[in-house]
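Encoded as structure tokens, the structure appears first; notes follow it.
Values below: every heavy atom of this structure, side chains too, minus hydrogens, waters and symmetry copies. To find a chain, count down the sequence lines: A is the first, B the second, and so on, and within it residues start at 1.
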Amino acid sequence: NAGVTQTPKFQVLKTGQSMTLQCAQDMNHNSMYWYRQDPGMGLRLIYYSASEGTTDKGEVPNGYNVSRLNKREFSLRLESAAPSQTSVYFCASSGVAGGYEQYFGPGTRLTVT
Amino acid sequence: DQQVKQNSPSLSVQEGRISILNCDYTNSMFDYFLWYKKYPAEGPTFLISISSIKDKNEDGRFTVFLNKSAKHLSLHIVPSQPGDSAVYFCAASGGYSTLTFGKGTMLLVSP
């Protein structure tokens with residue numbers, strides 16, 4: 001089992017460019033999440049999907065869109081990247097929705113210049 | 001408004017001693033608490049959790065204590081090992097809400 005995988009591991013974008021971060025899990029989990037981690041800020045929830053076919057905003061959704069492609073895959077899209085979106089992005093999944101144990105991917109380090 | 005607070009950005013402990021990491025919360029609706037460990041360039045990994053119906057949960061060298069009246073929880077690591085050096089995040093949830101994380105405490109265990 002690979003658990004939660006994320007691609008790419010690193011990305012550099014210019015301001016205004018777009019990109020999609022990919023996430024997949026092989027644990028048959030219903031719920032998936034996208035977080036960003038900034039220095040001194042902990043983990044902040046961007047969007048989540050409680051189950052296939054549903055998505056909801058988290059604490060910091062502005063500038064992002066998500067797609068729950070199927071039960072396994074949950075992507076995060078930056079339509080027009082800004083330097084403020086420079087961060088490390090983590091995808092996570094859990095068997096049930098809500099505040100239970102979540103399993104995280106290795107992260108994508110994104111720099112926007 | 002920070003609902004989960006880890007007031008110590010860092011902690012240094014000698015190998016073999018006890019490490020105590022603290023976490024405070026403000027939301028009375030939180031009823032489930034978790035600790036995650038994070039190494040550099042890796043994702044956080046789940047360590048231990050506790051429900052609000054308990055005041056202690058133990059798993060090997062790791063014990064979490066919950067004081068509901070003080071809205072405080074702590075993670076004890078005994079004995080501490082150099083491999084425990086990492087950032088530790090406290091997280092909380094209530095009802096069907098998602099997890100709210102603290103900002104983390106960096107633990108350094110020196111030989």
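With a threshold of 4.5 angstrom between heavy atoms, Ala41(B) approaches chain A through N, CA, C or O but not through any side-chain atom. Of the atoms belonging to Leu43(A), heavy atoms from both backbone and side chain fall under 4.5 Å from chain B. With a 4.5 Å cut-off on non-hydrogen atoms, Gln37(A) touches chain B through its side chain but not through its backbone. When heavy atoms are compared at a cutoff of 4.5 Å, Tyr36(B) approaches chain A solely by way of its side chain, counted from C-beta outward.
Between the side chains of Asn30(A) and Ser51(A), no donor-acceptor pair is found at a separation under 3.5 Å. Using a 3.5 Å distance cut-off with no hydrogens or angles, the side chains of Ser94(A) and Tyr33(A) do pair a donor with an acceptor. With hydrogens and angles left out, the side-chain atoms of Ser31(A) and Tyr48(A) include no donor and acceptor closer than 3.5 Å.
Residue-level contacts of residues 62-70 of chain A with chain B do not occur; threshold 4.5 Å between heavy atoms. Scanning residues 102-111 of chain B against chain A with a 4.5 Å heavy-atom cutoff picks out Gly102(B), Lys103(B), ordered by number.
Hydrophobic clustering of Ile, Leu, Val, Met, Phe, Trp and Tyr side chains at less than 4.5 Å, counting indirect connections, keeps Tyr88(B) apart from Phe104(A).
Side-chain contact between Ser8(B) and Leu21(B) is absent, with no heavy-atom pair separated by less than 4.5 Å.
Distance alone, capped at 3.5 Å, places no donor-acceptor pair between the Thr63(B) side chain and the Glu58(B) backbone. Between the side chain of Ser93(A) and the backbone N or O of Met32(A), no donor-acceptor pair lies under 3.5 Å.
Listed by chain and number, the residues in a salt bridge (charged side-chain N to carboxylate O under 4.0 Å, His left out) with Glu79(A) are Arg77(A) (sequence neighbours excluded). Partners of Phe90(A) by ring pair (Phe, Tyr, Trp, His ring centres under 6.0 Å), not counting sequence neighbours: none found.
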>> Applying ring-ring contact (aromatic ring centres under 6.0 Å, His included) to Tyr103(A) and Phe46(B), what does each step give before you reach the verdict?
In response: CA-CA 7 Å; Tyr103(A) 298 85; Phe46(B) 169 72; 7.1 Å; no

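Aromatic ring pairs are classed by plane angle as parallel below 30°, tilted from 30° to 60° and perpendicular above 60°; the pair Phe101(B) and Tyr35(A) is perpendicular.
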